[in-house]
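Just so it is clear, the values below take in all heavy atoms, side chains as well, and ignore hydrogens, waters and symmetry mates. Here is the naming used below: chain letters follow the sequence lines, and residue numbers restart at 1 for every chain.
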Amino acid sequence: MGIFDRKKPDKAGDKTAQGGFLGLFKRGLEKTSQLLQTDVRDLFKEGDRLVDDDFLNELFAILVKTDMGAGPAAEIRDKIKADFRSRKIEMADALQTVKDQLLELMQQPEAPIDRAASGPTVILVVGVNGSGKTTSIAKLTKMFINEGSQVVLGAADTFRAAAVQQLTIWAERLGAEIVKGEPSSDPASVAHRAVARAIELNADVCIIDTAGRLQTQTSLMQELGKIRRVIGKQIPDAPHEAILVLDATAGQNGISQARGFSEAADCSGIVLAKIDGSAKGGVVIPIRREFNLPVKFVGVGEQAEDLALFNAHDFVEAMFAEHFAGQR
Amino acid sequence: MFESLQDGLQSAVKTLRGKGKLTEANMRDALGLVEKSLLEADVSYEVVQAFMGQVTERALGTRVLLSLDPSEEVIGIVRDELINILGPVDPSLHLRGELTTLMLCGLQGSGKTTTCGKLAQLLLNNNAQPMLVAADLQRPAAIDQLHVLGEQLGVPVYSEKGANDPVRVCQDAVKKAKQEGVQVLILDTAGRLAIDDELMRQLQAIDQRVGPDQVYFVVDGMTGQDAVNSAKAFNDALELDGVIMTKLDGDARGGALMSVKHITGVPIKFIGTGEHLDALEPFRPDGMAGRILGMGDILALVDTARQVVTEKQQEALEAKIRAGEFTLDDFKVQLESFSKPGLMKKMIGLMPGMGEMAKMMDGGGMDAEGDARRLIAIINSMTHGERRNPKVIDPSRRGRIAAGAGVVPQQVNELVKQFNVVAPIMKSMAGQGMAGRMQAIQQLQQSGMMDPGGGPGIRTKKGTGKRLTPKEKAKMKKQREKERRRRRRGS
């Protein structure tokens, strides 16, 4: 985790002084925390409160606003209801239950990138249009280069206008090798050449960018399978990772995205992008529940180094940590 | 496109199904399910609350109490309110005689640049000369992307390489556009990962110094609860004139649109429905209402089913059934309503879980309309007495009816048998709402009347028509008596 142990250049205020992974992560989740804390504080303004319908509705609203979905939110609410119905409870107790519930839902082994035993590690990056694939690739590239790895990028988004240029600019900035395709050329052929180039250079990592596509576009989804097969022919275990980039501002459609891309590209993990916004990214909760798909990284800013390893415990802790610290 | 979305609302309809009268209590249950469905569609929590309050207020009025079919009424009210809220429609770009400037703003990745291209295409289709302006100086290659789009469309693109002041770029673009006689200028502004003051100040500066005629907020159709926050930030910073929602060609329900509309109050102009440059459609609130509600098929079913039997016919029929007088004549009326061309297939296709059956009908495995017409022909060949009391049909009468209808005598037998199965079901249907009727139709299918796998509705047997064994006869009689008792108790 060495790469996260640094201070981000400070823009506004000095909240980043904590540094380290948790600090970085917390900054991203600050707004989530603020929401949860403020609202929960409001809930308990007059000290202990009776757990009645109003109380439960307010709690439900807070949970729903994280985009976790009405189902999981109702489940957590009902657990609180079952445990505390008609009782007066302290905020810490209610929060602990919520935290336990979230942690139980989100519990997963820490899952960094699965590196190949030998030869280049191939990472396929997929997602819907505008989810932040190219920026996330830039962040991953930066991370690998900081680790001392050599990175080859495959610009297989041959559909969107200037997508190749966008990745090329990043490659130049970060010092990565890039393999490009002509506009409208077969993305699988670009992927093939990128992997070939990675083998030739004996590079450590090869990251393949793909065009954004909606999970309902069957033929485009099948194309992902083809890219996988083409890569697999060159390196038997490749791609070693297939990463779904999920926009943290996305709502419940994220579930459908996880389903569609898992089926088509056999995803091994998620990068939750754009979590530095006021969006909460709570949709990873039902996704974690329905599919065995871990969140591997969290995109927490606009800079190339703004990428954090996901950790369920920290995720939940970061939501409530300050609040608990202030109360106990 | 709706398939994955309807579980919530279908369960709402099930809750309503079979409830003869809508009480305040069971309406609350149904509205609770509607509420859950809206939340699952990503309508923001506070917007859902406001909406449910509105609907409840309206539904609690006399209109529901007087309605003959309360469950449909509630869902109808929900839809009407949704359409109300999402409207009114205004797809006009409000072009002026001279240069009109359109400005697009929104979060990063919402689809601003692609939408610029789509608007340009739309303007070209309407013989207006557009020019695109690359005012997104943040994202790497955003300018290149706009240039590629411009080339594809044959539309000029204004950009300044190495510029770092978007306001300046926009002002220069306006000058250039006036020189070149361009009619519409489209400003592609930078997005941010999250709304921040810097971006808003930049946009405000463009807004004030360039003075666009129309400012459109571009929002991703997959946006979640955060839609209220971003819409509010943009609405506060800029004088928005319209909303464009993108990426609606997937299975996102687009509930964020309701949130954005609630916050901004400005008209929703267009929806993006594909990656190609002509995939920009004028907004239609009715279609979107059904989509957000996630019950498009149920609503379509209700609409279609209303065409099948007119209210008056239905009332008369139900009165007869209640009186225990369901005859082959009434059966014929029902069959006739189903044999309207294409209707049967449409209704079956719309029924939850019956998509496969519709496909089978497409595959030629079944000709439901033809079958219905054949049954009608058989009934037409009967005397009135026979229609009232099919028991009198003996082999000689059967032969006469078969000859008259152009079928084999076994088919007449089959019809009578089917009628004996159908009649009790029809009787149990009396007084139920549309959903109940649809359920009964499903029962009909199970009874073999419209067996999808079994070829034509009436099976023609090779041998002599099978007669009922005494045991079977006794069983049927028992069933009929049971039904009669049940009805007497009920009335």
Exercise. Could you go through the side-chain contact (heavy atoms from CB on, under 4.5 Å) check for A/Q217 and B/D249 one step at a time?
Key: CA-CA 9 Å; A/Q217 294 163 329; B/D249 44 331; 3.5 Å; yes
Exercise. Against chain B, work out which of A/V283, A/D247, A/T216 has the most heavy-atom pairs shorter than 4.5 Å and name it.
Key: A/T216
Quiz item: Heavy-atom count around B/K261 NZ within 6.0 Å, excluding the residue itself: above 12?
Solution: yes
Give every donor-acceptor pair under 3.5 Å between a side-chain atom in residues 69-78 of chain A and any protein atom, sequence neighbours left out.
from	atom 1	to	atom 2	distance (Å)
A/E75	OE1	A/R289	NH1	2.8
A/E75	OE2	A/R289	NH1	2.7

Practice problem: Give me the contact list for residues 150-158 of chain B versus chain A, heavy atoms only, anything under 4.5 Å, ordered by residue number. | Solution: none
Which value, rounded to the nearest 0.5 Å, describes the distance between [X] atom [atom1] and [Y] atom [atom2]?
X	Y	atom1	atom2	result
A/T66	B/D226	OG1	CG	11.5 Å
B/Q145	A/R160	CD	CZ	4.5 Å
A/T249	B/L107	OG1	CG	6.5 Å
A/T168	B/D144	OG1	CG	9.5 Å
B/Q225	A/L63	CD	CG	11.0 Å
A/K274	B/Q108	NZ	CD	6.5 Å

Self-check item: B/A279: partners by side-chain contact (heavy atoms from CB on, under 4.5 Å), with sequence neighbours left out
Solution: B/K118, B/T273
So [Y] and [X], do their side chains get closer than 4.5 Å, heavy atoms only?
X	Y	value
A/L214	B/M222	yes
B/K247	A/V128	no
A/N57	B/Q49	no
A/K65	B/E46	yes

Practice problem: Determine the minimum heavy-atom distance between B/P140 and A/Q166, stating which atoms define it. | Solution: O-CG, 3.2 Å
Quiz item: Of all residues at least two apart in sequence or in a different chain, which pass the ring-ring contact (aromatic ring centres under 6.0 Å, His included) check with B/Y216?
Solution: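 Counting only residues at least two positions away or on another chain, B/Y216 forms no ring-ring contact (aromatic ring centres under 6.0 Å, His included).
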